S.K.: 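I have a structure I would like to understand better, so I am pasting it below and will then ask my questions one at a time.
Nothing here was measured: the structure is a model prediction, and the numbers come from that model.
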Amino acid sequence: MSLSSARQRRATAASPPTDDGYSKEAKDRRRRPSGEEEEEGIRWFLPFLALGLLRHMSASSNLIHDCDEVFNYWEPLHFLLYRSGFQTWEYSSNFALRSYLYLFIHALVAGPASMIFGEHKVRVFYSVRIFLGLISTITETVLVVALSRKYGKRLACYVLAMLCLTSGCFFASTSFLPSSFSMYAVTLSSALFLLENYAAAVSVAAAGVILGWPFSILVFLPITVLSVIADYYCYGKWTASVFNLLKYNVFGGGESHLYGTEGPSFYFKNGFNNFNFAFILALLFLGFVPFARKKYVPDLLIVVSPVYIWLAFMSLQAHKEERFLYPIYPLICVAAAAVIDTFPDFFHDKYSSEQSIFEKIAKGLRPLILGFILCASHSRTFSMLNGYGAPIQIYQHLEHHEDTGPGSVLCVGSEWHRYPSSFFIPSYISEVWWIDDGFRGLLPFPFNETLGGTTAAPSYFNDKNKASDEQYVFSLAFKLYSTYFLLTILRVTTSLHFWLQLKDIGACSLLVELDLRRPYPSRGSDLSTWETLAALPFLDRELSPALYRSFFIPHRWQQNNVFGLYKLLRRLPTDQA
């Protein structure tokens, strides 16, 4: 063997391999849009910082948009921590529709926070919210980074801006609801899919279904077992809340329509309110795919497809609520951002090497369209926070009125559905009572330790949304009349004890009510009985125009809307009344 031939072989071995077009690197280059071959994508710090700041703002200022969040999640969590709180019929062991495993996850944060903050329960409430905001921040950061690595910085920045500022994501990100938990799971699962980590994507999706909201698939049995064990511990019997909830809502085992029905356009109206024109663009994603030069097919199409599937499935259900769309909120942002990014491709001439005037205009319109969407979203968020933020603020005033005295009773009438949870009730208030203001559905009752707490199956609960005779406080005159009627007319003496135990409205020390200044007087208008401790404006939805109440328009919002007063009242001492 000659020296020259040996050198030639060593040189050949040391030379880099030729790009045959089939290597992973070559495939990655082909998947990138043209002109972005050398782009590294967005770093982790920027999206984490931006999302973190906005999610902290959400945690500290967000409304409670649904009474289910309070009575099905905050109240049971409060009971697990402090052994007091309201129970709904879904948590009766007769029905067992709600999983305690979901609550235990949040108790991992709420438990230590309750030991740190002691009697300051409001701080525990906001600690849980900050925890939810942190989860949202992490999952959405991964999604933004995954999009930037696969499709470039521009699309990722558009998505980041929408995740930060659209009203839907701002409100859903820190809501204590299984649908929000599912949203986190969908976001992270989609990101892992784009990063080609398919096994992790499936695992996260499974956790979102079983631990969060079990309305899509039921094949992830290993995680279901954990839910069954948690339910057995709390309900005191073997049951599977995952399947009970599906049976009640989907498979015809219950009557969810009793809690209200809406027409087919309900989710489209709510989608526009929360995302304005971004929602319309998201629905147009499929129409823009053919013009995207195949850069979004198949991966992004797979990621966005749940928007259409979820909307179709939920629109078929008679009972509709805004929170049911939470799981697809981040995907709406992705789809809308992709359409904005693709807009110039609609005018692209593939047979010409130069850009047409329309393509250049379309590129210039992209930031303007995005800016308009973000401004409209901020307008919606501002209107919601300032129009309907009074209830939480009013209940926070309770901690400043301990002079009312220990053993005080707080009474709430028609505003029971805006009760922000027992985390806002100071220790000097011993009970919270509901006043009969005409609502004929079933209200929550305090957890009954005598009957077994979480394992109890109280007789006053039913799954027909029928009011219980025991859920309201009554006036002394009503108690006397009812007792007399039973004794003299029906001759029923066995019920005498029950009627004598009815709560007397005269025992209410504090009262929360909404005064919308209707022709009929409110309880708080009796100045000889009540004094106003705090009052804040509250937007009157019925008398305010839809446009001005839905979006903040400078100089018009306060002029064109009508406001009532959300009040905290205290009963005057008898010597002053």
S.K.: Under 3.5 Å, is there a donor-acceptor pair between the side chain of Y184 and the main chain of S173?
M.R.: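 Checking the backbone N and O of S173 against the side chain of Y184, a donor-acceptor pair under 3.5 Å is found.
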S.K.: Out of F445, F439, Y472, F86, which one pairs with W434 under the ring pair (Phe, Tyr, Trp, His ring centres under 6.0 Å) rule?
M.R.: F86
S.K.: Looking only at side chains, do E415 and Y566 share a donor and an acceptor under 3.5 Å apart?
M.R.: yes
S.K.: Between S167 and S377, does any side-chain donor sit less than 3.5 Å from a side-chain acceptor?
M.R.: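 Not at all, the side chains of S167 and S377 share no donor-acceptor pair under 3.5 Å.
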S.K.: Can you tell me which residue among Y102, F423, F71, F131 is in a ring pair (Phe, Tyr, Trp, His ring centres under 6.0 Å) with F176?
M.R.: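 Of the listed options, the one satisfying the test is Y102.
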S.K.: Could you check whether E140 pairs with R55 (Lys NZ or Arg NE/NH1/NH2 to Asp/Glu carboxylate O, under 4.0 Å)?
M.R.: yes
S.K.: Tell me yes or no: between the side chains of T404 and R570, is some donor less than 3.5 Å from an acceptor?
M.R.: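 Present: a donor and an acceptor within the cut-off.
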S.K.: Do K121 side-chain atoms and S422 backbone N/O form a donor-acceptor pair below 3.5 Å?
M.R.: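 Yes, because the side chain of K121 sits within donor-acceptor range (under 3.5 Å) of the backbone of S422.
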S.K.: Ring centroids only, cut at 6.0 angstrom: are Y395 and F424 within range, meaning strictly under it?
M.R.: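 Not close enough - the centres of the two rings lie 6.0 Å or further apart.
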S.K.: Examine distances only and state if a side-chain atom of S408 and a backbone atom of S509 form a donor-acceptor pair shorter than 3.5 Å.
M.R.: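 Side chain of S408 to backbone of S509, a donor-acceptor pair under 3.5 Å: no, none is there.
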S.K.: Heavy atoms, side chains only, cut-off 4.5 Å: are W530 and R571 in contact?
M.R.: yes
S.K.: Within the distance-only criterion (no hydrogens, no angle test), does the side chain of S60 pair as donor or acceptor with the backbone N or O of M57 below 3.5 angstrom?
M.R.: yes
S.K.: Fit a plane to each ring of H397 and H400, take the angle between them on a 0 to 90° scale, and name the class: parallel (under 30°), tilted (30 to 60°) or perpendicular (over 60°).
M.R.: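 It falls in the perpendicular class, over 60°.
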S.K.: Working note: E322 + N274, criterion side-chain hydrogen bond (donor to acceptor under 3.5 Å, both in side chains); need CA distance, chi angles, decisive distance, verdict.
M.R.: CA-CA 10 Å; E322 181 179 320; N274 285 305; 3.1 Å; yes
S.K.: For V409, is there any backbone N or O sitting under 3.5 Å from a side-chain donor or acceptor partner on E431?
M.R.: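 No; judged by distance alone, with no hydrogens or angles, the pair does not exist.
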S.K.: Is a donor on one side and an acceptor on the other found under 3.5 Å between the side chain of T137 and the backbone of F48?
M.R.: no
S.K.: Tell me if the aromatic rings of Y388 and F538 count as close, with their centers under 6.0 Å from one another.
M.R.: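 Yes.
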